[in-house]
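Here it is, the structure, as structure tokens.
Bear in mind that the values here come from a model prediction, so they are computed numbers and not experimental data.
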Amino acid sequence: MIDSENEQLGIMSLKDALKLASEQNLDLVEVAPTAKPPVCRIIDSGKFRYERQKRAKEVKKKQKVTALKEVKIRPNIEDHDFNVKLKNAQRFLDNGDKVKVTITFRGRELSHPELGRQLLVKMGDLLKEAAIIEREAKLEGKNMIMILSPKSSTTQAN
């Protein structure tokens, strides 16, 4: 049992604790229900809820949400266009987002999936300082997909 000034009162019965709380016009709040014996505190329950919400908001603010950004290319992409897509992927990785690189095949292009795989390998090699290949290039229907995740997110978590 803890009173309103954060002083420990020791172990007491529920009846005595409720009586003490009502004398002070405060509420009896169970702070640690899993402890043996459970820890209760005499406090204004509204104030307690407010402080708990404030702490939860602080924890949520510190979390980084990673999004999955997509970069779409074609197997016969020109060098300049490829470099633009590469810079976009680099920017997404620098922001801490995962990048899904998708190559869409149309018509007869599907008969040469090795061209798409070469492009994805090239992009993976050029981004190896900023990214880890989370999922290797894999053909799924008419698309070949590779997923990159930022290296910096794993170092920030540690």
Item to complete: May I ask you to establish whether Lys142 and Phe105 are in a cation-pi arrangement, using a distance under 6.0 Å from NZ or CZ to the six-membered ring centre and at most 45° from the ring axis?
Response: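 Geometry flag: not set, cation outside 6.0 Å or 45°.
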
Fill in: Side chain to side chain, Leu20 and Glu23, heavy atoms closer than 4.5 Å
yes

Worksheet item: Heavy-atom distance under 4.5 Å between the side chains of Asp27 and Asp44, does that happen here?
Response: yes

Discussion item. Taking Ile103 as the starting point, is it possible to reach Leu115 by hopping between hydrophobic residues whose side chains are less than 4.5 Å apart?
Written reply: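 They do not share one cluster, since no chain of ILVMFWY contacts under 4.5 Å joins Leu115 to Ile103.
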
Worksheet item: Going by heavy atoms in the side chains, are Lys85 and Asp81 under 4.5 Å from each other?
Response: no

Worksheet item: Does the side chain of Val31 come within less than 4.5 Å of Ile2's, by heavy atoms?
Response: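 They are not in side-chain contact.
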
Worksheet item: Looking at NZ of Lys60 and NZ of Lys57, how far apart are the two atoms once the value is rounded to the nearest 0.5 Å?
Response: 9.0 Å

Practice prompt. Verify side chain to side chain contact (heavy atoms under 4.5 Å, CB included) between Met1 and Gln8, making sure each step is shown before the conclusion.
Written response: CA-CA 6 Å; Met1 174 59 119; Gln8 288 203 7; over 6 Å; no

Worksheet item: So if you build clusters from Ile, Leu, Val, Met, Phe, Trp, Tyr with side-chain heavy-atom gaps below 4.5 Å, do Val101 and Leu68 land together?
Response: no

Worksheet item: Got a salt bridge between Arg135 and Glu140, using NZ or NE/NH1/NH2 to carboxylate O under 4.0 Å?
Response: yes

Worksheet entry | Pairwise distance CG(Leu28) to OG(Ser45) - rounded to 0.5 angstrom |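 So the CG of Leu28 and the OG of Ser45 are separated by 10.5 Å.
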
Practice prompt. Indicate, with yes or no, if Met123 and Ile133 share a hydrophobic cluster defined by side-chain heavy-atom contacts under 4.5 Å among Ile, Leu, Val, Met, Phe, Trp and Tyr.
Written response: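 Yes; tracing contacts between hydrophobic side chains, which count when under 4.5 Å, links both residues.
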
Practice prompt. Quick one: pull up CZ in Phe48 and CD in Gln53 and give me the separation to the nearest 0.5 Å.
Written response: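 Going from CZ on Phe48 over to CD on Gln53, the span is 11.0 Å.
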
Fill in: Hphob cluster co-occupancy, Ile145 + Val121, side-chain heavy atoms under 4.5 angstrom
no

Worksheet item: Rounded to the nearest 0.5 Å, how far does CD of Glu114 lie from CE of Met144?
Response: 8.5 Å

Worksheet item: Is there side-chain contact between Glu51 and Lys47, with heavy atoms separated by less than 4.5 Å?
Response: yes

Worksheet item: Looking at side-chain heavy atoms only, is the closest gap between Glu109 and Asn76 below 4.5 Å?
Response: yes

Worksheet item: Does the side chain of Met146 reach to within under 4.5 Å of the side chain of Glu134, using non-hydrogen atoms?
Response: no

Item to complete: To the nearest 0.5 Å, tell me how far Glu30 CD sits from Cys40 SG.
Response: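 Taking CD in Glu30 and SG in Cys40, the distance rounds to 5.0 Å.
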
Fill in: Residue from Ile147, Asn88, Leu93 passing side-chain contact (heavy atoms from CB on, under 4.5 Å) with Val99
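Filter result, single survivor: Leu93.
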
Fill in: Heavy-atom pair of closest approach, residues Ala130 and Asp94
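For Ala130 versus Asp94, the nearest heavy atoms are CB-OD1, 4.5 Å.
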
Worksheet item: Checking Lys122 against Phe82: charged group under 6.0 Å from the ring centre and within 45 degrees of the axis?
Response: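 Ring-cation test returns yes.
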
Fill in: Distance (rounded to the nearest 0.5 Å) between Glu7 CD and Leu9 CG
8.0 Å

Worksheet item: What about Phe92 and Leu86, same hydrophobic cluster or not, with Ile/Leu/Val/Met/Phe/Trp/Tyr joined at side-chain heavy-atom distances under 4.5 Å?
Response: yes

Fill in: Heavy-atom closest contact (Leu148 atom, Ala131 atom, distance)
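Residues Leu148 and Ala131, closest heavy atoms: CB-CB, 4.1 Å.
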
Worksheet item: Do the side chains of Val71 and Thr102 get nearer than 4.5 Å, heavy atoms only?
Response: no

